Amino acid sequence: MDIMFIVGAVLFLILAPILGGLLTGCDRVLTARFQSRVGPPLLQPFYDVAKLWHKEKAFSNPVEIIFTTAYLVLIAFSGAMLATGGNLLFVFFSLALAHTFLILAAYSANAPYAHIGAERELLSVMILEPILILFAAGCFLVTGSFDTYHMLIQDVPGIIYLPGVFIVFIAVLTLKLRKSPFDISTSHHAHQELVKGVTSSLSGRSLAKVEIAHWYEMMIFLSMILLFFAGYPVLSAVAIILVFLLEIVIDNIFPRVTWKMTVKSLWIVTLVFGVGNIVVLGILGGIV
Amino acid sequence: MYPPELIAILILLLVPVSAAVLLAVFKPDLVRNVLAGITSVIIIGASVFLAWKALIAPVSLTLEHTEWIGMLLFIAEIGVALVILGLSIKYRKILPLLLSVIQLILILILEFFGIAGPHAMTTFTVTGLSAVMVLIIGIIGTLICVYALGYMKDYHDHQIGVPVRKRYFFALMFLFLSAMFGLVLFNNLMWILCAWEVTTLCSFLLIGYSRTPEAMKNAFRAVWMNLIGGICFTLAIFFLLRINTPVNLLSVTDLLAFPNVSALTIPLAFIAVAGLTKAAQMPFSTWLTGAMVAPTPVSALLHSSTMVKAGVYLLVLFAPLFSQTWVGIFLALIGAFTFLATSALAISQSNAKKVLAYSTIANLGLITACAGIGTAEAIMAAILLIIFHAVAKALLFLCVGAVEHKIGSRDIEDMDGLLVRLPLLATMMVIGISGMYLAPFGMLISKWAALEAFLTAPLGYVFIAILAFGSAFTIFFWTKWLGKLFMRMNRPPAEKIALHISEKLSVIVMGVLVIGCCLGFPAIITGVIIPYLNGIHPYFYLGNKGFFYFDTLVMLGLMAFILLFLVIGAFLGSREGRTIAPYLGGRAVDSEGRFLGSLGVYKEAKTSNYYLEEYFGEKVLLKPSWVISGVLIIVMLVLGFMGVMIWI
Amino acid sequence: MSSASKSPWLLHYNASSCNGCDIEILAALTPVYDVERFGIINTGNPAHADIFVVTGGVNEQNKAVLKNIYDQIPEPKVVVAVGICASSGGVFRECYNISGGVDTIIPVDVYVPGCSVRPEALIEGIVKALGVLEEKRAAMEAKK
Amino acid sequence: MKMFKTILKQFFHTPATTTFPNTPLENFEGTRGHLVFDPSKCTSCMMCMKRCPSQAITVQRAEKIWTLDRFRCVMCGNCVDVCKFDALLMEREYAKSATPTERGVETYEITYVKPERPKKETAE
Amino acid sequence: MNMKIDSVEAADVQKIAGTMRSGGYRLVVMTCTPADEGYYITYSFEKETDLRHYRIAVAEGTTIPSIGSSYGGAFVYENEIHDLYGFTFEGMSLDFGGTFIKTSVPYPFKKKEQPAPTVTVVKEAKE
Amino acid sequence: MTGRQTIIPFGPQHPVLPEPIHLDLVVEDERVVSAIPSIGYVHRGLESLVDRREYQDFVFLAERICGICSFTHSSTFCQGIEGLMGIQIPQRAAYLRTMWGEYSRLHSHLLWLGLFADSLGFESLFYQAWKIRESILDEMEATTGGRVIQGVCKVGGVRRDVANSFLSGMDDRLDEIEDNMKDLTNVFLNDYTLKKRLVGKGVLSKDDAYYLGAAGPTARGSGLDMDIRSTGYLAYGDVGFKPVVEKGGDGYARCAVRCRELFQSVEIIRRVITDMPEGDVFTPVKGNPDGEYFSRSEQPRGEVIHYLKGNGTKNLAQFRVRTPTLTNIPPLVSILAGCELADVPQIVLTIDPCIGCMER
Ligand code: SF4
Ligand code: SF4
Ligand code: SF4
Ligand code: SF4
Ligand code: SF4
Ligand code: SF4
Ligand code: SF4
Ligand code: SF4
């Protein structure tokens, strides 16, 4: 681990929330424009978080303070790990752990809405798990290692070998960014049956932490797109922007679906494209 | 003078049996407690010593006069078959009767007409693998027995109709340990078969302990399924004996070193089936899920350290042979499929013991898959899984048992807010559950190892896909359980009942063991597994690199550090702030946790987990799984008879 | 202006109104008025809210609900009574089931008249409420 | 998916959002915004008080005081209709919000001088 | 629109509802009004444009048979009449037990006894 | 297994319900086992005020029964008084009432479509529906002086006339509105995902609809040809009205009924504008009402009945309102059982519940 890696990690820890917040702001402005509205100021997400930070300390179960902190810290940690070219599998495990904490925070309130949010968040972690493992497996088949570092120094961009995985990745990104049609666990707008689901019993600072963690997570998943286009910085940037735009558009042209439809559709996509991709790669004997 | 290793081995083999006899004789609780305590200390001491010795250098010892030991064991084996036969007649169970008759005949043929010539062979071998098993049996097994001392007292207070037969119970428990030690220490397949049959008998009797009709039904199911395994084992020996070679194939060491693996496919297939039955793989899983009618220590023993581990031990033992055949690949497929199916099934269960049972089967499935693939990485993953699973699962069973006696239910739905109600047990449960699936705890590392192993195996992509979905299910059912424990209480807490000292002790030690294993896993890998792998087969040489690198360790360490930090934060952090009522759509709850609902009725604001029964219920999944796994087994046997090899 | 007044999140509750005011509140969210311009989000969840917007004259059953929700909103919080009903009970003031205004149950910080309230009036009222919110926050900070 | 066309269209159009409060509101003619009282025309006939559906008006004939509680008035305009003396008028602008301290009942002193006018007319 | 109202016996309502139902009529509304003596409950049925009203006269506090078995939707009216006027219906398909419309005063539209504080005079009661 | 049930108090405060109503939802893995509503959160007791307000002033109260069909309530009430007193209102007033009635249907249906989209998590569609609705409200405000509470009806006619020049300008604006509505309904009726979520959800059979008392689009979505407008009150007889009926009985059908009614209303408004007779908009009223009257008309949500009883004084003796939402509650209870939690909001909304008038 040389110094560059540490610098990378630190940069990620500082820059990701800033970029993530800005992107969220862009998202909200663009969404508003798609809906024929003016929308909030670009910096609105930061105002929101700042406000939440200064709210009264109130909770439905004191453990949620520690759980949300854990969620934030671990997400940031996974991001830092990814930024240092660390082990992809490990990044995923640590993300899963982070989400477990978020889910536990929701469970701990023992309130029906938070509880159902927790169950649905759990379902979405479950939905996500196969594709993440397949993604890691794909990287391994391509580079012979789980390290993102090796993926990044590939000569041929990963998308050539892993197009199917990429497609699934885009699909689950909708779930990850909590966008329609798959925002099953925290209806972002709260006009749905869940009343904010997972975060419904969190308030003030806890909620702010979840929000920041969400920015981190957004950056983590967006930067994973880099892995598919390693070696082509311009192409990667274009891809990330396009994917992000695509997600916003998708958010605006779909109603929300039920969790059953979410599981079915995403797993079908995973099975067809993800598993299909890995099988083909496996039959071809991997790249190494 | 015997070498100290031999003394240790003899202690392990004989002390539990003798203790069993004594326990069967003496009635008073005090005598039993003292006796069991002393025996446990001796066993733990001896197993630690033996394992330590074996880790320095593999032990292999040859005794003289093995003929009469063989004879003794043969008589024991006949005895086992006769007991089962007798009980089957008494309870009018046709299938077990039939199978035990077949088994009896096979054994007799083997003994009197077989060609089991007394070639000289090593009597005991203690490799890294057996050392691990010895430690598991020695420490976890005895801890469970100690736990049972307190548990059985409560058990009879709760289960009024059940006749008190504690002497019988404890005698069987210790006998079980002896048999297990034998199974992992013997080098002669005939002897192993004998130990194998004794474990079948013990588990049968223990499952049927309460003698309720349900218990008897499940006990007989266990016995007939395991008898199939026994028969397959015997058949494997038959086929081994028919191979014309000067090498004594009944010696495990010689068998492993036998170069012409293509000749071994048929016995390997039978051994695979034997292992599958004992490890409760699909389609034989129902005996293990049925076994939870037994008192919890029995379940713990069966699940974590003995019975099922015997099955996978056998498979892992022969993994190097499996790795070269298609039998192995199909064995692995069965295991992987079992992992997938039972992980899904576990989602639909709310009975804590049943969840644990399915998760056991799932983990064994993963181990079986690794054993079937049999490459170096796979074996490493398998051994890691065996270790982590044994400690975490034993801990969980003990916790569930103790909790059940406190709250009067083993339903996960009733465990809400357990962390407030029973802090110690719940904390241990949290440790156990985390150990089962969360990073940076043990199982996850093993899963990782398994992933790498699968990736380099033939048909690896199939295994990857199965693992990907299976582990998704795993996350689901563990997390929802974990969530229950952390819930805020809406109800007044239950009254406090003191935990029996033996239960407390075992649970705490087990908890420490789980954490210890997780922290010490690099040592386990370098100190135990790699030497074992390097030792068993030259082509297995893995070097020192292993699958983990330095930075991974650093990362794991960092993660553990973060967690530690958070735990400390949880203890020291300020809890000041206002507690607001849970959001109930504007409704408020009263002190009983109820709100005013429609029709003027007060209702409890109750939350329950999802069980997705329409997708993952037993009704939906069991039958298709049996069919699929049955087909896989048949294909495996056919491949065995065709002797198809993997060309590398 | 500090962050508090840049990101007011609303919670709307209809405490026995005729709907007239409620649909105007909703209308204020929609493109033509788009209160998200001011960072306003309609949260629907008391734990996330800063501004409690109540319509209607509060009938028997709503008293407890209103109190419960009010308690669940973390400080600093502002209550805005929207519409004539919420301000005084309005035309229903004499009905047997109406307690006559939100302030009979919980403290109100801003009254917005109108029957039904115009979205513009609502926006103006919320802006006034932001001032109150700001004061309350400063007071809270000072207490610390 | 059918929504795609719409959101694209909306994206490339200027938003429908008003610029209120930066530019003041323009109302339709005849919008009932708030009630205006002209004390010089009121004869204290009490008709408005009687017919107001939400009893926002009180008229104290003896004291010559006319009061309006803006937070009771529902802007129905019934009083405007029933006032035969054009003392009441509906203006287009909506009434302003108030904090508890600002909120109060508007009190007017009636300045109408009663009997003179017809006599003057006959005199001329 | 038919404003003719047929008077029938209270005990017969179930039978009438039964005939109406088998005749393919739907239940339009049940209206309770105070009468000179006691109350009237009017059942209105309709089939296409044929609107029929049946009226029963009931004294205060009587128990009235529910027509829930013929018209599953009648419970909303019956519960409402129960909560506002204080009649009890027997055999409602969904009985809210007085919590359908919770009021600050019990039975606000009931005559005499406890008139709602704000319901000053119910004219017929004076006669 | 009772052990696996979650009990969710759904409302009274719930973001998907702008109005308070409470449902005790018992769910098992999100499948609704039972859903029992409890109401009474908007009950004000407005009917009790008849003895303190003159019947002419009570119009203002009647229209505050609900802020959405406020116009229909005031016109139904006036119609009742006029019926009791035998007043014939001028033709122009009847035409204007028809026009406003249809405008309020337009705004109500658009409002509903928006909320419905929102309950399905379709934000942008919600915004689009409400954006179109604003132009309807502008028409309303320009002609009546109020956005949602019009205050334009009075016993004997209407309070304001609308200039013919304004009416003729309306046609063009209606064209634009219609275009926008076409885009909107195209999404509702043809979007793949929406169809997936609506078709077959909350099915109400024709028989159930009829005997449980469904009204309005809920009944018409189940294939019932029920619409009070076919009786031809106001100007409906002159415009040749035919109810919109869909057969499906599911959420999609109910949505389709409302979508098609939008265009029907626009048609009616066009007819009314072109045929608008000249003349007064108001007949003076003398005397006091006496007798009983059931005044019925078709609100956006179905048939409303105002029961009026006069006793020859300025105050009515009794006033009772039976609203469409009240009779739509039993069908709602029946279609909620067995649905999925995620579908609860949309199923509740398909009957277009309006608690304001239901509880008065
Ligand atoms: S998702 Fe939520 S926060 Fe983001 S723009 Fe939409 S409403 Fe606003
Ligand atoms: S825990 Fe339950 S089942 Fe077990 S003994 Fe006690 S009461 Fe019986
Ligand atoms: S103020 Fe008017 S519009 Fe608003 S709720 Fe009250 S009556 Fe309805
Ligand atoms: S305002 Fe008009 S109606 Fe009222 S008292 Fe004065 S003159 Fe009479
Ligand atoms: S308005 Fe004229 S007629 Fe009516 S009460 Fe007043 S003075 Fe008399
Ligand atoms: S406008 Fe209506 S409510 Fe206001 S004072 Fe006049 S009559 Fe009363
Ligand atoms: S009228 Fe009822 S359904 Fe419509 S918006 Fe208002 S509360 Fe919602
Ligand atoms: S049905 Fe709804 S919108 Fe129509 S009047 Fe009744 S409450 Fe208002």
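Here the structure is a predicted model, which is why all the values come from computation and not from measurement. Residue numbers start from 1 in every chain, and the chains themselves are labelled A, B, ... in the order their sequence lines are given, proteins ahead of strands.
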>> Just to verify, what does F/Asp175 make a salt bridge (Lys or Arg N to Asp or Glu O under 4.0 Å) with, not counting sequence neighbours?
In response: F/Arg270

>> On a heavy-atom basis, which atom in F/Ile7 and which in A/Pro112 lie closest, and how many Å separate them?
In response: O-CG, 3.6 Å

> Is there a side-chain contact between A/Arg256 and F/Phe122 (heavy atoms, below 4.5 Å)?
Replying inline: no

> Quick one: are A/Arg120 and F/Glu30 in side-chain contact, heavy atoms under 4.5 Å?
Replying inline: yes

>> Using modelled atom types and a 3.5 Å cut-off, is there a donor and acceptor pairing between side-chain atoms of F/Tyr127 and backbone atoms of A/Ala32?
In response: no

>> Just so I understand: if I count every heavy-atom pair under 4.5 Å between each of F/Thr6, F/Asp29, F/Leu194, F/Leu25 and chain A, which residue has the most?
In response: F/Leu194

> Given the rule in the side-chain contact (heavy atoms from CB on, under 4.5 Å) test, do F/Phe126 and A/Gln35 qualify, once you have shown the distances and angles that lead to the verdict?
Replying inline: CA-CA 9 Å; F/Phe126 160 62; A/Gln35 295 163 343; over 6 Å; no

>> Main chain of A/Asn252, side chain of F/Ser124: is a donor-acceptor contact present, judged purely on distance under 3.5 Å?
In response: yes

> Roughly how far, to the nearest 0.5 Å, is OG1 of A/Thr31 from CD of F/Glu123?
Replying inline: 8.5 Å

> Non-hydrogen atoms of chain A under 4.5 Å away: do they reach the side chain of F/Glu340, the backbone, both or neither?
Replying inline: side chain

> Between F/Lys196 and A/Met261, is a side-chain contact (heavy atoms from CB on, under 4.5 Å) present by the stated rule, with each step listed?
Replying inline: CA-CA 9 Å; F/Lys196 263 256 176 266; A/Met261 289 161 81; 3.6 Å; yes

> Of the non-hydrogen atoms in F/Asp191 and A/Pro255, which two are nearest, and what is the gap between them?
Replying inline: OD2-CD, 4.0 Å

> So F/Phe10 and A/Tyr113, side-chain contact (heavy atoms from CB on, under 4.5 Å) or not? Walk me through it.
Replying inline: CA-CA 9 Å; F/Phe10 199 81; A/Tyr113 293 97; 3.7 Å; yes

> In Å, rounded to the nearest 0.5 Å, how long is the span from CD1 of A/Ile116 to CG of F/Leu341?
Replying inline: 5.0 Å

